[in-house]
Amino acid sequence: MTAQTEYYVQTPLCGARAGEARTLQDYLQDSAVLDRAGVDARWAIVCTQLSHRLQAAGGADNPRFSAAVRRMERALYYDYELNDDFYPQFCQNIEILMALLDRML
């Protein structure tokens, strides 16, 4: 909820280069993490909000739980045009999803 970001290097295949001294700053720059930090923080906040919303609606005991999870999956991962910028599509998908969840749950 605070949008505080923490980074963890996951070896062996997370940007680590054998025999080369690398700093966290090197890794973050090479992987463009710093360029998308705001988007990543927003993603994490939205996912947390969605989780809380499902739990507040009764979780898996809610008869519409599975349908809601499938719709969340579409909004988060699938309803995107690959040639268009991600973030505006993400914002639109989440706006539509939240209104839909108001009716579903």
Side-chain angles (χ1 to χ4, degrees):
M1 297 302 285
T2 65
Q4 181 178 355
T5 305
E6 296 178 6
Y7 300 100
Y8 301 91
V9 175
Q10 300 171 1
T11 55
L13 300 175
C14 192
R17 296 181 186 160
E20 182 180 330
R22 308 262 306 143
T23 66
L24 176 59
Q25 189 67 29
D26 293 334
Y27 168 73
L28 295 175
Q29 286 178 302
D30 290 352
S31 61
V33 167
L34 298 175
D35 295 337
R36 64 175 200 273
V39 173
D40 289 355
R42 178 71 178 132
W43 174 277
I45 289 167
V46 166
C47 288
T48 300
Q49 290 170 336
L50 292 172
S51 176
H52 290 178
R53 196 160 187 176
L54 282 174
Q55 291 172 14
D61 291 335
N62 185 307
R64 295 185 177 167
F65 176 82
S66 293
V69 169
R70 284 192 304 273
R71 188 57 187 94
M72 288 177 185
E73 183 179 52
R74 281 185 46 207
L76 291 171
Y77 297 102
Y78 299 116
D79 286 347
Y80 295 92
E81 292 294 328
L82 296 179
N83 293 326
D84 295 338
D85 288 338
F86 167 77
Y87 191 65
Q89 294 181 85
F90 171 72
C91 291
Q92 182 178 12
N93 285 354
I94 297 309
E95 183 177 332
I96 293 167
L97 175 64
M98 292 301 192
L100 180 61
L101 292 177
D102 286 341
R103 293 189 306 271
M104 290 180 76
L105 300 173

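Small disclaimer: the values here were computed from a predicted structure and weren't measured.
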message = When you group the ILVMFWY residues by side-chain heavy-atom contacts below 4.5 Å and let the links chain together, are Y78 and F86 in the same group?
response = yes
task = Can you measure from OG (S51) to CD (Q55) and round to the nearest 0.5 angstrom?
result = 4.0 Å
query = Looking at N93 and A75, what are the two nearest heavy atoms and their distance?
reply = ND2-O, 3.1 Å
task = Would you indicate whether the side-chain heavy atoms of D79 and R71 approach each other to under 4.5 Å?
result = yes
request  = Evaluate whether atom CD of E95 has more than 12 neighbouring non-hydrogen atoms of other residues, nucleotides or ligands under 6.0 angstrom away.
outcome  = no
query = Would you say D85 has more than 12 foreign heavy atoms packed within less than 6.0 Å of its CG?
reply = no
message = Could you report the tightest heavy-atom contact between R64 and R103, atom names first, then the distance?
response = NH1-O, 3.4 Å
ask   = Heavy atoms, side chains only, cut-off 4.5 Å: are L101 and M72 in contact?
value = yes
query = Is there side-chain contact between V46 and F90, with heavy atoms separated by less than 4.5 Å?
reply = yes
ask   = With a 4.5 Å limit on heavy-atom distance, are the side chains of L97 and L50 in contact?
value = yes
task = Report yes or no: does T48 contribute a side-chain atom to a donor-acceptor pair with the main-chain N or O of A44 at less than 3.5 Å?
result = yes
request  = For the residue pair Y77 and W43, categorise the inter-ring angle as parallel (less than 30°), tilted (30 to 60°) or perpendicular (more than 60°).
outcome  = perpendicular
ask   = In terms of heavy-atom contacts, does CD of Q92 have more than 12 from other residues, nucleotides or ligands at under 6.0 Å?
value = no
remark   = Nearest heavy-atom approach of N62 to A57 is ND2-O, 2.9 Å
task = Would you kindly confirm whether L24 and V33 end up in one hydrophobic cluster when ILVMFWY residues are joined by side chain heavy atoms under 4.5 Å apart?
result = yes
inquiry  = Side-chain heavy atoms nearer than 4.5 Å, only ILVMFWY residues, links allowed to pass through others: does that put L54 and M98 together?
reply    = yes
request  = Find out whether I94 and L76 are in side-chain contact, i.e. whether some heavy atom of one side chain is under 4.5 Å from a heavy atom of the other.
outcome  = yes
inquiry  = Test side chain to side chain contact (heavy atoms under 4.5 Å, CB included) on R42 and Y87; report intermediate values, then the result.
reply    = CA-CA 10 Å; R42 178 71 178 132; Y87 191 65; 3.6 Å; yes
